[in-house]
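Below: one structure, written as structure tokens.
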Number of protein chains: 2
Amino acid sequence: MNALFKALNDPTRRAILERLRNGPASAGAIAEQFQFSAPTISHHLDLLRQAELVTSQKQGQFVVYTLNMTVFDELMGWLIQFKS
Amino acid sequence: MNALFKALNDPTRRAILERLRNGPASAGAIAEQFQFSAPTISHHLDLLRQAELVTSQKQGQFVVYTLNMTVFDELMGWLIQFKS
DNA sequence: TCAATGTTTAGACAAATGTCTAAATAAATT
DNA sequence: AATTTATTTAGACATTTGTCTAAACATTGA
């Protein structure tokens, strides 16, 4: 839960998640959309992976990142506590 | 949205929110449940208020904090994007 | 009015965070 | 084999964050 909220507490990381709604993408393809350096984006992707918000698979020289929607359920569950 | 995720990115603040599920409470009553100093809890309450996750009303010498569930809807809305 | 109680403000400080550049690793191409 | 392309790792650095103590402010009660 800590890693989850930590990962979400950054606008760039949230934008990456929104980008991945359109489907999986390589680290480079993701990085292109932002003004930050590749290492910075790589680090953001690492935090998203630690929170299990994304998974990654190596495809040749590329590393493809995919949204993991499972974790959103967990968050939703936490939120629903407050609605009742 | 930034203030919201920032506010949620701390276990003490999340615990305060869970405490407030049981009903409104004064700053002092909240602080009693934690090992941190009163100023520290006051600061956490301030961040929760900035995120509009709580509201506060002065009642005599006490300041009573109340959960504002409206904001949870906003968060839920953001999450639901990812489920479809 | 003075003292006690409840809360916030101010300022300090260590730890965590987001960014960068340079270098390392890995795969594909020539 | 050497070079290019894709990505990560390492290390540095400024900023932000969470905590504290001391002091200020506000309300109540003696």
Side-chain angles (χ1 to χ4, degrees), chain A residues 1-20 22-68 71 75 78, chain B residues 1-20 22-68 71 75 78:
Chain A
M1 209 65 171
N2 250 313
L4 181 51
F5 282 112
K6 174 177 172 173
L8 292 174
N9 184 31
D10 180 273
T12 302
R13 288 194 290 271
R14 293 196 299 273
I16 291 173
L17 292 177
E18 284 165 9
R19 162 67 177 84
L20 292 177
N22 303 335
S26 70
I30 294 167
E32 273 176 10
Q33 306 193 334
F34 297 92
Q35 293 181 320
F36 301 116
S37 68
T40 293
I41 297 298
S42 181
H43 179 232
H44 283 313
L45 288 168
D46 187 40
L47 291 175
L48 289 171
R49 192 173 34 206
Q50 282 177 41
E52 296 179 70
L53 283 160
V54 304
T55 58
S56 64
Q57 309 89 37
K58 185 138 202 176
Q59 288 186 12
Q61 14 173 208
F62 302 89
V63 177
V64 174
Y65 285 84
T66 307
L67 202 57
N68 173 27
V71 183
L75 224 184
W78 186 81
Chain B
M1 210 64 171
N2 251 314
L4 181 51
F5 282 110
K6 175 177 172 172
L8 293 174
N9 185 32
D10 180 273
T12 302
R13 288 194 290 271
R14 293 197 299 274
I16 290 172
L17 292 177
E18 284 164 10
R19 162 67 178 84
L20 292 177
N22 303 336
S26 70
I30 295 167
E32 274 175 10
Q33 306 194 333
F34 298 92
Q35 293 181 321
F36 302 116
S37 68
T40 292
I41 298 297
S42 181
H43 179 232
H44 283 313
L45 288 168
D46 187 39
L47 291 176
L48 290 170
R49 192 173 34 206
Q50 282 177 42
E52 296 179 73
L53 283 160
V54 304
T55 58
S56 64
Q57 307 89 37
K58 184 138 202 174
Q59 289 186 11
Q61 10 171 213
F62 301 89
V63 178
V64 173
Y65 286 84
T66 307
L67 201 57
N68 173 25
V71 184
L75 225 184
W78 186 81

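Worth saying up front: this structure is predicted, and the values here are computed from it rather than measured.
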Exercise. Step through the shown structure and confirm whether more than 12 heavy atoms of other residues, nucleotides or ligands are within 6.0 Å of CD on B/Gln50.
Key: yes
Quiz item: How many angstroms lie between atom NE2 of B/His43 and atom CG of B/Leu48, to the nearest 0.5 angstrom?
Solution: 10.0 Å
Practice problem: Give the rounded distance in Å between these two atoms: CD of B/Gln57 and C1' of C/dT7. | Solution: 15 Å
Exercise. State whether B/Ser26 places a side-chain N or O below 4.0 Å from either non-bridging phosphate oxygen (OP1 or OP2) of C/dG6.
Key: no
Quiz item: Between atom OH of A/Tyr65 and atom CD1 of A/Ile16, what is the distance when rounded to the nearest 0.5 Å?
Solution: 9.5 Å
Quiz prompt | Side-chain N,O (A/Thr40) to OP1/OP2 (C/dC20) below 4.0 Å | solution = yes
Quiz item: When every nucleotide of nucleotides 9-15 of chain C is labelled 5' to 3' by its protein contacts under 4.0 Å (heavy atoms), B for base, S for sugar-phosphate only, - for none, what sequence of letters results?
Solution: B------
Exercise. Using atom CD of A/Gln35 as one end and atom P of C/dC20 as the other, report the distance to the nearest whole Å.
Key: 10 Å
Quiz item: Can you find a side-chain donor-acceptor pair between A/Arg49 and A/Ser56 that sits under 3.5 Å?
Solution: yes
Exercise. List the protein contact pattern of nucleotides 25-30 of chain C with one symbol per nucleotide (5' to 3'): B for base contact, S for sugar-phosphate-only contact, - for none; contact means a heavy-atom distance under 4.0 Å.
Key: -SBS--
Self-check item: Nearest-nucleotide comparison on DNA chain D, the residue closer to the 5′ end among A/Ser56 and A/Asn9
Solution: A/Ser56
Self-check item: Value in whole Å for how far the P atom of D/dT7 lies from NE2 of A/His44
Solution: 16 Å
Quiz item: Has A/Glu52 got more than 12 heavy atoms of other residues, nucleotides or ligands less than 6.0 Å from its CD?
Solution: no
Practice problem: Under 4.0 Å between any heavy atoms, over every strand shown, what does B/Tyr65 touch: base, sugar-phosphate, or nothing? Just pick one. | Solution: sugar-phosphate
Practice problem: Among B/Asn68, B/Thr66, B/Leu17, find the residue that satisfies the side chain to side chain contact (heavy atoms under 4.5 Å, CB included) test when tested with B/Val54. | Solution: B/Leu17
Quiz item: Rounded to whole angstroms, how far apart are CG on B/Asn2 and P on D/dT16?
Solution: 12 Å
Quiz item: Nearest-Å distance, CG (B/Asp10) to C1' (D/dT19)?
Solution: 11 Å
Quiz item: Can you tell me how far the CG atom of B/Leu75 sits from the CG atom of A/Leu75, to the nearest 0.5 Å?
Solution: 7.0 Å
Quiz item: A/Lys6 NZ to D/dT16 P: how many Å, rounded?
Solution: 17 Å
Exercise. Calculate, to the nearest 0.5 Å, the distance between atoms CG and CG belonging to B/Asn9 and A/Asn9 respectively.
Key: 4.5 Å
Quiz item: Between B/Ser37 and D/dT19, is there a side-chain N or O to OP1/OP2 distance below 4.0 Å?
Solution: no
Quiz item: What's the CZ-P distance between A/Phe36 and D/dT8, to the nearest Å?
Solution: 17 Å
Quiz prompt | Residues, nucleotides or ligands: over 12 heavy atoms within 6.0 Å of A/Gln57 CD | solution = yes
Quiz prompt | Nucleotide C/dT8, atom C1' - distance to CG of B/Leu45 in whole Å | solution = 11 Å
